[in-house]
Amino acid sequence: MKSMPPIDLRSDTVTQPTAAMRAAMLEAPLGDDVFGDDPTVNRLQSRIADMLGFEAALFMPSGTQSNLCALLSHCERGDEGIVGQFAHTYRWEGGGAAVFGSIQPQPLAHQADGTLALADIEANIKPDDSHFARSRLLCLENTLGGQVMPLAYLRQATALARRHGLAAHLDGARLFNAAVASGGDARIAAREIAACFDSVSVCFSKGLGAPVGSALCGSKALIAKAHRVRKMAGGGMRQAGVLAAAALHALDHHIDRLAEDHAHAMQLAAGLQGLPGVCVEPPQTNIVFVDVAPERVKRDGKGIVERAREQGLLCTGLLRLRFVTHLDVSRSDIDNAVGILRGIL
Ligand SMILES: *Cc1c(COP(=O)(O)O)cnc(C)c1O
């Protein structure tokens with residue numbers, strides 16, 4: 001085991017570009033994208049905008065910058081965004097929207113299924129009164145910690161936001177995982193989800209397996225604003241077509257295969273089910289959470305993550321372990337991972 005490369009279930013961001021993806025990157029025609037001259041970036045931007053039913057899109061170096069540009073394009077200083085307590089844009093992006101945009105977050109507690117209760121959203125939309133920040137945006141996430149937000153809920157929540165004059169942004173870092181999990185045509189499902197929102201951010205660097213990159217989709221006017229913010233954030237990239245080519249390749253070849261990652265997550269969950277002191281959350285997509293009773297976590301002063309690493313399995317967490325399946329993990333890797341974890345637990 002030890003001489004083999006580790007089984008890396010820390011994140012779906014760890015994938016290496018496939019040989020075919022590298023070939024596509026090598027062959028891509030390039031230009032200076034700050035001058036708007038990179039044909040491959042331009043092709044990717046129109047492709048993802050068309051796929052998700054938007055007028056325009058902008059290639060971004062990261063999902064964090066994509067969300068930041070979205071928030072700063074929707075909101076002015078002193079505006080407020082309603083967001084889930086565990087949302088990436090609120091919890092995992094260094095407070096960027098507040099730091100760079102003076103945008104005040106209004107975090108709400110999630111329901112067990114990850115949604116924000118419609119009543120909570122409505123109760124937190126502030127009246128037009130000088131005491132309050134201006135409620136301007138509802139920001140949702142799909143998938144959220146691997147959970148799929150039901151389409152009917154997305155429609156209701158965004159319609160509610162609109163009735164109150166708020167715009168709606170989706171952090172769809174794993175939008176295509178949600179779309180594939182719907183079981184139907186993933187492209188149609190992705191478009192239906194996106195149709196609820198004024199803007200959508202998607203990551204190519206997660207389950208889709210590209211090395212770098214995200215896209216922000218929206219109206220022409222919104223994307224024009226986002227373009228300026230991206231420049232301010234230092235996200236204007238030059239011959240970025242070498243990266244956009246990887247994203248295009250991912251859109252052509254890596255969407256439907258996300259179903260394999262979901263099957264592997266189920267396989268892992270099934271393999272760990274029933275161990276004493278261990279509670280496995282049944283996965284909906286490619287992320288498995290495993291809660292471990294505190295008394296089972298440490299042995300010889302070492303936590304589970306550390307002991308797993310010694311045996312060639314990488315994961316994250318402490319009492320709540322997280323395993324993420326992806327392109328570079330096979331069925332037999334999952335069998336091995338289950339063996340290692342059963343031994344430890
Ligand atoms: C990974 C992720 C992002 C940010 O992407 P980076 O490219 O790592 O900046 C945003 N939202 C969600 C839900 C994510 O999982």
Side-chain angles (χ1 to χ4, degrees), residues 8-15 17 44 48 52 57-74 81 83-100 105 107 110 114-116 137-149 154 168-181 190 193-194 197 199-217 226 229-230 233-235 237 240 243-244 246-247 250 254 258 261-262 265 283-289 315-317 322-327:
D8 196 343
L9 301 181
R10 289 173 301 172
S11 175
D12 46 7
T13 55
V14 301
T15 55
L44 173 65
I48 189 70
L52 298 182
L58 195 58
F59 187 47
M60 296 280 183
S62 71
T64 299
Q65 190 169 115
S66 187
N67 284 325
L68 180 71
C69 290
L71 268 69
L72 267 69
S73 301
H74 284 296
V83 64
Q85 188 71 249
F86 292 114
H88 202 279
T89 53
Y90 174 61
R91 209 175 180 96
W92 299 97
E93 297 183 4
V99 174
F100 300 120
H110 296 269
T115 61
L116 307 177
L137 185 70
L138 173 66
C139 185
L140 299 178
E141 188 171 316
N142 195 18
T143 62
L144 173 86
Q147 284 183 305
V148 178
M149 299 299 115
L154 295 177
H169 171 69
L170 178 68
D171 177 357
R174 297 189 179 86
L175 170 66
F176 287 106
N177 292 87
V180 165
I193 296 168
F197 294 90
S199 57
V200 173
S201 172
V202 277
C203 288
F204 304 115
S205 56
K206 301 267 166 94
L208 291 179
V212 175
S214 290
L216 178 65
C217 303
V229 181
R230 188 187 70 173
M237 298 184 287
L243 299 173
H254 292 172
L258 291 170
D261 299 344
H262 300 177
Q284 297 178 14
T285 57
N286 68 330
I287 305 181
V288 184
F289 286 103
C315 61
T316 59
R322 189 182 88 145
F323 306 92
V324 188
T325 57
H326 53 75
L327 191 60

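Remember, it's 1-based here, ligands and their atoms both numbered in the order they're listed. Just so it is clear, the structure is predicted and the values come from calculations on it, not from any experiment.
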(request) Using distance alone, decide if ligand 1 has a nitrogen or oxygen within less than 3.5 Å of any nitrogen or oxygen in E141. (result)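 It does not: no N or O of E141 is found under 3.5 Å from an N or O of ligand 1.
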
(request) Say whether R174, considering both its backbone and side-chain N or O atoms, lies within less than 3.5 Å of an N or O atom on ligand 1. (result)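 Yes; the residue has a nitrogen or oxygen that sits under 3.5 Å from a nitrogen or oxygen of the ligand.
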
Nearest neighbour in protein (non-hydrogen) for [atom]:
{"atom": "atom 9 (O) of ligand 1", "value": "T64 OG1, 2.6 Å"}
{"atom": "atom 1 (C) of ligand 1", "value": "K206 NZ, 1.3 Å"}
{"atom": "atom 7 (O) of ligand 1", "value": "G63 N, 2.8 Å"}
{"atom": "atom 11 (N) of ligand 1", "value": "D171 OD2, 2.6 Å"}
{"atom": "atom 10 (C) of ligand 1", "value": "H88 ND1, 3.2 Å"}

(request) Test F323 against T316 for side chain to side chain contact (heavy atoms under 4.5 Å, CB included), laying out the working first. (result) CA-CA 7 Å; F323 306 92; T316 59; over 6 Å; no

(request) May I ask whether Q65 has any heavy atom positioned less than 4.0 angstrom from an atom of ligand 1? (result)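 No heavy atom of Q65 comes that close to ligand 1.
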
(request) Record the part of A173 in heavy-atom contact with ligand 1 below 4.0 Å; permitted values are side chain, backbone, both and neither. (result)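 Answer for A173: side chain.
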
(message) Can you tell me which portion of N67 lies within the under-4.0 Å heavy-atom range of ligand 1? Options are side chain, backbone, both, or neither.
(response)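 Looking at N67 and ligand 1, just side chain atoms fall under 4.0 Å.
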
(request) Look only at the side chain of R322 and the backbone of R10, and say whether a donor-acceptor pair between them is shorter than 3.5 Å. (result)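 Flag set: sc R322 to bb R10 pair under 3.5 Å.
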
(request) Using modelled atom types only, decide if a donor and an acceptor are shared between the side chain of D261 and the backbone of N286 within a distance under 3.5 Å. (result)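 Not a single qualifying donor-acceptor pair exists.
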
(request) For the pair V229 and S73, evaluate side chain to side chain contact (heavy atoms under 4.5 Å, CB included) and give the outcome as yes or no after the intermediate values. (result) CA-CA 7 Å; V229 181; S73 301; 4.1 Å; yes

(message) Looking at F100, I want to see if its CZ is surrounded by more than 12 non-hydrogen atoms of other residues, nucleotides or ligands under 6.0 Å.
(response)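 It does not: F100 CZ has 12 such atoms or fewer within range.
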
(request) Flag the pair I193 / L175 as yes when at least one side-chain heavy-atom distance between them is below 4.5 Å, and no otherwise. (result)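 Yes, side chains in contact.
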
(message) I'd like to check which ligand 1 atoms, numbered from 1 as shown, lie under 4.0 Å from a non-hydrogen atom of E93.
(response)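 Heavy-atom distances to E93 below 4.0 Å select 10 (C).
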
(request) State the atoms of ligand 1, each with its element, that fall below the 4.0 Å cut-off from a heavy-atom position in S62. (result)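 So the atoms of ligand 1 that pass are 7 (O), 9 (O).
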
(message) The test is side chain to side chain contact (heavy atoms under 4.5 Å, CB included); show your working for L170 and N142 and say whether it passes.
(response) CA-CA 7 Å; L170 178 68; N142 195 18; 3.8 Å; yes

(message) To check you understand the geometry: which heavy-atom pair defines the closest contact between V288 and A265, and what is its length?
(response)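 For V288 versus A265, the nearest heavy atoms are CG2-O, 3.5 Å.
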
